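Here is the structure we will look at, set down as structure tokens.
Computed from a predicted model, the values in this text were never measured in an experiment.
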Amino acid sequence: MNDAADRTAGERVVAMPGRHGTEAVSETAVAASGLAEAARRILDEGGRMQTVYALWREGGGLELRYLVTHPRPKGMEIWVLDPANGGPVPSLAEIWPLIGWSEREVSDLFGFAFADHPEPWRLVLHKGAKAELPPFDPRAGDRPVLVGGERRTMPALGGDDSDVQILPYGPVRADVVESGEFLFFYIGEQILHYHPQLFFKHRGMEKRFEGLAPQAGTVLAERVSGVGSVAHALAYCQAVEAAAGCVVPKRAAWLRVLLAEMERLYNHLHYLGHLADATSLKVGQAEGRLLEERVKQLNARLTGSRFLRGLLKPGGLRRDLFPQDWLAEELEETRQEAARYAQLLDDTDSFLDRLITTGPLPRKVAFDQGATGPIERASGVDRDLRRDHPYAAYAELPLTVPVEPAGDAYARFKVRAAEIDASFVLMQRVLLLLPDGEIATECRPAPGAHGLGWAESPRGTLFYAAHVAGSGRLARVKIKSPSFSNWRVFPSTVHESNMMDYAINEASFGLTVAGCDR
């Protein structure tokens, strides 16, 4: 793609305002004819394709935007492609398997077909769903998507499958869990193939942003995934701040780190309790949930919200927090209890027996299929947005990024246990050095502006792209969530495994359906 007709330098947009300025995200026009070559070059250079999304221009016409992360210090890049010029747009899923789901999502919601897609079937809209127009077509308005009575068909495994049994599990499952149907193809206890069918409760969250004032979108972002309220609000706010070119005051940036790590802490403690439950350690489950509850009570005491909602806004924070004196003591007590709890789990033979070698995820599969967060770091992929593309005040704070090479359920446990301790260190540092000053600045993006924001949520990389219409209201908000990525990679660890390990393997991933379905 050296030809100037295939690749021309575009505008530069500002992303992720922080105390010391911004990280520039380059925007480059690309043509369909050079897309595959450019994608291969990114792979050879050690970069990563993150996602592709679509939007309708105000003047008419569809636009595709590819998000690419380069190795440091090069940063991030957005490729902008006009499908109306240059012939069919090829699927990149053969080069970058992780992008296959994103392309299928675009096909379902925008009615756009990628050429030669290796998985050309529906993702978000289930088989039998019918709509007059694709949900994101500007002419669709509020037309509903109707679900017809078409029978589900089971995928064929090939070969002699006369002894293969099929177990459709869900979409309504036991306990208080989110809806999803999981197809198991098995013989005896051996799982030959596993297929998750999600999006039963797709809420159209991206569509709900349309027409909102940028300042009002934070409330919606906080509710995309309840256990990721801060991460989603933070990535959204930083996208709006990028579009507006505003710089968050230093005190607000540091307090944002505190809130993000408080969220990481209660998520990881919940994870340990859930993993203890999956391995039949009921006392271990109770202690993990008790520690989680203690942190949520600290959240409520600090902010008034157990889920840390209602604090963030574009430009900073809605109100100031004054946590130094009492919170440091409470965190130190909780740190000691959490360390003791994690060590007790690590010293329990029956716990280790169920985790070690369960659900192995090789490093190459983790990278190719798009694993993110603790999942990829437990497979030896050393990436963390807080360090690699720092935001808020992370560039000024010591950050330990635990990485494990084994890729099994035990490695995923060890990464999260180590991240709990790292979060305590970060929070104590914030409390020790928290600066005085303002907590917000004016932040109103101009009509037609757009920006990119990101955060390293408890489950991995989270991106928001915000586009402002000529009216000054939001025209398009794209969310690339970590659970969307990790649900895609999870089946790779289930194929050729056994039924007795499935629940433990799923628990070790810490997946959420709401974060995937949106």
Residue pair Arg294, Asn299: steps toward the side-chain hydrogen bond (donor to acceptor under 3.5 Å, both in side chains) verdict: CA-CA 9 Å; Arg294 178 170 180 171; Asn299 292 347; over 6 Å; no
Mind checking the [atom1]-[atom2] spacing from [X] to [Y]? Nearest 0.5 Å is all I need.
X	Y	atom1	atom2	value
Leu434	Leu258	CG	CG	8.0 Å
Ile191	Glu496	CD1	CD	9.5 Å
Phe509	Tyr271	CZ	OH	9.5 Å
Thr51	Trp96	OG1	CH2	13.0 Å
Leu64	Ile78	CG	CD1	13.0 Å
Trp254	Lys250	CH2	NZ	6.0 Å

Side-chain heavy-atom pair [X], [Y] within 4.5 angstrom cut-off:
X	Y	answer
Trp121	Arg104	yes
Arg65	Glu63	yes
Asp108	Arg122	yes
Val248	Arg256	yes
Trp79	Leu35	yes
Arg459	Asn267	yes
Tyr236	Pro214	yes
Asp346	Tyr410	yes

Under a 3.5 Å distance rule, please check whether [X] uses its side chain to pair with a backbone N or O of [Y] as donor and acceptor.
X	Y	result
Asp408	Pro360	no
Arg476	Ala54	yes
Tyr391	Glu456	yes
His268	Ser423	no

Asn486 and Val489: CA distance, side-chain angles, deciding distance, side-chain contact (heavy atoms from CB on, under 4.5 Å) verdict: CA-CA 5 Å; Asn486 286 333; Val489 74; 4.2 Å; yes
Step-by-step side-chain contact (heavy atoms from CB on, under 4.5 Å) determination, Thr69 to Ile42: CA-CA 9 Å; Thr69 52; Ile42 295 300; over 6 Å; no
Steps toward side-chain hydrogen bond (donor to acceptor under 3.5 Å, both in side chains) verdict (Ser508, Arg412): CA-CA 6 Å; Ser508 77; Arg412 295 189 277 274; 2.9 Å; yes
Please tell me whether [X] and [Y] have a donor and an acceptor in their side chains that are separated by less than 3.5 angstrom.
X	Y	result
Ser379	Lys364	no
Asn505	Thr493	yes
Thr461	Thr372	yes
His232	Glu222	no
Ser492	Gln369	no
His274	Glu506	no

Of all heavy-atom pairs between [X] and [Y], which one has the smallest distance, and what is that distance?
X	Y	answer
Ala455	Ala231	CB-O, 3.9 Å
Phe424	Ala338	CE1-CB, 4.1 Å
Val89	Phe112	CG2-CZ, 3.6 Å
Gly47	Phe367	O-CZ, 3.6 Å

Taking [X] first and then [Y], would you say they form a salt bridge - that is, a charged N and a carboxylate O separated by under 4.0 Å?
X	Y	answer
Arg306	Glu293	yes
Lys478	Glu105	yes
Arg354	Asp501	yes
Glu404	Arg377	no
Lys414	Glu419	no
Glu178	Lys201	no
Glu119	Arg488	yes

Verdict with supporting geometry, Arg40 and Glu94, salt bridge (Lys or Arg N to Asp or Glu O under 4.0 Å): CA-CA 10 Å; Arg40 291 190 186 92; Glu94 292 284 4; over 6 Å; no
Within the 6.0 Å centroid threshold, strictly below: Phe484 and Trp101: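 When the ring centroids of Phe484 and Trp101 are compared, they turn out to be within the sub-6.0 Å range.
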Ring geometry between Phe182 and Tyr194 (parallel below 30°, tilted from 30 to 60°, perpendicular above 60°):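 Aromatic pair Tyr194/Phe182 classed parallel.
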Worked check of side-chain hydrogen bond (donor to acceptor under 3.5 Å, both in side chains) between Ser229 and Glu263: CA-CA 8 Å; Ser229 293; Glu263 180 171 82; 4.9 Å; no
Verdict with reasoning, His195 to Phe184, per ring-ring contact (aromatic ring centres under 6.0 Å, His included): CA-CA 7 Å; His195 176 73; Phe184 295 86; over 10 Å; no
Worked verdict on Cys516 versus Phe199 for side-chain contact (heavy atoms from CB on, under 4.5 Å): CA-CA 8 Å; Cys516 176; Phe199 305 98; 4.0 Å; yes
Stepwise ring-ring contact (aromatic ring centres under 6.0 Å, His included) check, Tyr53 with Tyr66: CA-CA 7 Å; Tyr53 69 98; Tyr66 294 80; 9.3 Å; no
Salt bridge (Lys or Arg N to Asp or Glu O under 4.0 Å) evaluation trace for Glu337 with Arg340: CA-CA 5 Å; Glu337 293 181 19; Arg340 170 186 163 277; over 6 Å; no
Cationic tip of Arg387 above Tyr394 ring, under 6.0 Å, 45° of axis: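 Negative - Arg387 is either too far from the ring of Tyr394 or too far off its axis.
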Residue pair Ser485, Lys480: steps toward the side-chain contact (heavy atoms from CB on, under 4.5 Å) verdict: CA-CA 8 Å; Ser485 301; Lys480 188 269 185 184; 2.9 Å; yes
Residue list, ring-ring contact (aromatic ring centres under 6.0 Å, His included) with Phe136, at least two apart or on another chain: Phe110
Residues forming a salt bridge (charged side-chain N to carboxylate O under 4.0 Å, His left out) with Glu261, sequence neighbours excluded: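 With neighbours one apart ignored, the set is Arg264, Arg386.
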